[in-house]
Amino acid sequence: MLQIDKIKAFVALGKFLGQFSENSNIKIEGDVHNDLFFDAFVDLIQLSQSHNGWYTQEQVYFAIQSWAEALKEENLTTWLTPYNLEEIKPKTIGLILAGNIPLVGFHDFLSVLISGHKVVVKTSSNDQYLLPFLAKYLVAIEPLFKNNITFVEGKLDNFDAVIATGSNNTARYFEFYFKDKPSIIRKSRNSVAVLNGQETKVQLIALGDDIFRYFGLGCRNVSKLFVPKDYDFTKFFEAIFEYQDVIHYEKYANNYDYNKAVFLMSNFKLLDNGFLTIKEDTSHASPISSVFYEYYTSLEEVENRLLTDQDSIQCIVSNSLVKNSIPFGTTQKPELWDYADDVDTIAFLKNL
């Protein structure tokens with residue numbers, strides 16, 4: 001299959017996804033595959049929360065729209081131009097996907113196919129319907145993909161390399177089990193924000209999206225704040241009040257009640273606004289419904305700390321206060337070339 005044909009297929013998939021949003025689902029007239037897939041996808045979206053209680057329609061639609069935006073021809077071309085993929089000898093790549101947020105493994109799926117390899121996918125039990133559905137649509141667009149895509153329920157067999165995502169505990173298992181295969185093994189990471197007190201309300205509202213999108217379940221969600229000594233959290237709490245409805249979701253509310261009770265029983269000092277607790281802590285990984293914070297005396301101190309902990313940090317958000325930071329509100333809107341853990345997936349696949 002020619003590279004241009006693979007790109008066209010994923011562009012078509014992006015246009016299909018662009019029909020679906022939380023406000024309305026609007027069919028594109030003339031799409032020959034809508035008769036088979038449009039209504040079925042609407043039904044799947046509506047059923048997603050019954051498959052995974054964290055997959056509310058709002059969150060699923062956000063993921064769908066993010067990929068609709070990413071799968072535009074100009075984005076795919078910009079992403080792939082630096083690589084020469086024409087002479088790749090096709091191999092079979094095993095994927096073990098996480099299920100913490102909707103379609104979290106789609107980038108790996110896309111990377112394998114767009115680079116010319118075959119993919120064998122083991123989905124998470126928490127996200128086992130969305131990706132197989134999109135794979136069927138992709139095959140309908142480009143039938144040559146049919147023999148390149150396999151989904152399995154048991155363990156992976158007959159593969160040449162593997163990309164696996166899991167917790168720190170499962171990563172140790174993956175590293176041992178796949179020690180004889182080329183691999184990318186992804187572990188748990190968290191994202192942080194660096195504040196100086198000069199942030200605008202708009203920026204802090206955007207930071208709220210970095211915290212609450214997908215209920216904070218993603219590695220790109222901000223779970224830790226670095227703030228200067230004597231930082232006043234009043235503006236922060238006023239800005240994130242826009243996200244107060246998160247407490248109406250039962251699974252989130254249960255986590256809020258439980259984690260708050262644990263903190264209080266341990267006599268930890270908390271700041272609390274009724275749907276989020278803020279706790280001073282040196283760890284980057286806070287529980288759901290909580291954000292940790294840590295005071296700093298200089299930005300140089302923060303940069304040194306971030307450099308030391310770089311293997312456990314996915315994203316850094318700030319108002320250009322520290323190196324390699326991204327703007328508020330963008331953690332869950334990565335570009336195709338924003339690789340997880342800063343590991344270039346396409347280069348890995350190209351060099352097999």
Side-chain angles (χ1 to χ4, degrees), residues 54 59 100-101 188-299 301-303 305-306 309 312-319 321-322 325-332:
W54 294 108
Q59 307 297 358
N100 49 323
I101 65 176
S188 298
R189 290 198 178 208
N190 297 94
S191 297
V192 304
V194 182
L195 309 179
N196 66 357
Q198 302 302 312
E199 292 76 21
T200 66
K201 183 175 181 179
V202 171
Q203 288 174 325
L204 292 176
I205 290 172
L207 173 59
D209 194 70
D210 295 326
I211 294 170
F212 293 106
R213 176 63 58 191
Y214 303 126
F215 301 106
L217 289 165
C219 64
R220 299 182 69 89
N221 285 106
V222 169
S223 58
K224 172 72 172 284
L225 308 176
F226 287 94
V227 296
K229 288 287 187 181
D230 302 319
Y231 180 81
D232 185 356
F233 281 96
T234 302
K235 290 183 179 179
F236 170 79
F237 275 123
E238 289 175 349
I240 68 167
F241 193 70
E242 288 202 8
Y243 302 91
Q244 61 178 311
D245 286 346
V246 71
I247 199 64
H248 298 310
Y249 293 99
E250 182 179 5
K251 290 178 74 69
Y252 182 92
N254 289 342
N255 276 269
Y256 170 79
D257 291 338
Y258 173 79
N259 290 318
K260 180 179 176 180
V262 169
F263 289 154
L264 292 175
M265 289 173 64
S266 301
N267 293 319
F268 291 127
K269 182 180 178 182
L270 296 178
L271 298 174
D272 177 24
N273 68 350
F275 61 92
L276 181 74
T277 55
I278 308 291
K279 173 180 174 288
E280 186 174 2
D281 200 298
T282 57
S283 173
H284 298 308
S286 62
I288 297 169
S289 76
S290 179
V291 168
F292 291 159
Y293 69 90
E294 187 173 341
Y295 291 116
Y296 67 83
T297 55
S298 71
L299 290 174
E301 171 192 339
V302 177
E303 289 199 330
R305 172 70 183 285
L306 296 176
D309 296 347
S312 62
I313 295 174
Q314 192 68 261
C315 302
I316 304 168
V317 184
S318 81
N319 190 18
L321 295 177
V322 293
S325 64
I326 60 177
F328 297 105
T330 63
T331 61
Q332 293 297 351

Mind listing the closest non-hydrogen atom pair of Glu303 and Leu321 along with its distance?
-> OE2-O, 4.3 Å

Do the two ring centres, one from Tyr258 and one from Tyr256, sit under 6.0 Å apart?
-> no

Smallest separation among heavy atoms of Val291 and Val222, with atom names | CG2-O, 4.3 Å

Closest approach of Ser325 to Val317 (non-hydrogen atoms, all atoms of both residues) = CB-C, 4.3 Å

Are Tyr231 and Phe233 close enough that their ring centres sit under 6.0 Å apart?
-> yes

Can Asn221 and Gln332 be counted as having a side-chain donor-acceptor contact under 3.5 angstrom?
-> yes

Do the ring centers of Phe212 and Tyr243 come within less than 6.0 Å of each other?
-> yes

Of all heavy-atom pairs linking Phe237 and Leu276, the shortest is CE2-O, 4.4 Å

Starting at CG of Leu204, measure out to CZ of Phe236 and round the result to the nearest 0.5 Å.
-> 7.5 Å

Go through the side-chain N and O atoms of Asp281 and Ser283 and say whether any donor and acceptor fall under 3.5 Å apart.
-> no

Relative to the ring of Trp54, is the ring of Phe215 parallel (under 30°), tilted (30 to 60°) or perpendicular (over 60°)?
-> tilted

Atom CZ of Arg213 and atom CD1 of Ile101: how far apart are they, to the nearest 0.5 Å?
-> 10.5 Å

If we ignore angles and hydrogens, is there a donor and acceptor under 3.5 Å between the side chains of Thr277 and Ser290?
-> yes

Check whether any side-chain N or O of Arg220 sits under 3.5 Å from a backbone N or O of Thr331 as a donor-acceptor pair, and report yes or no.
-> yes

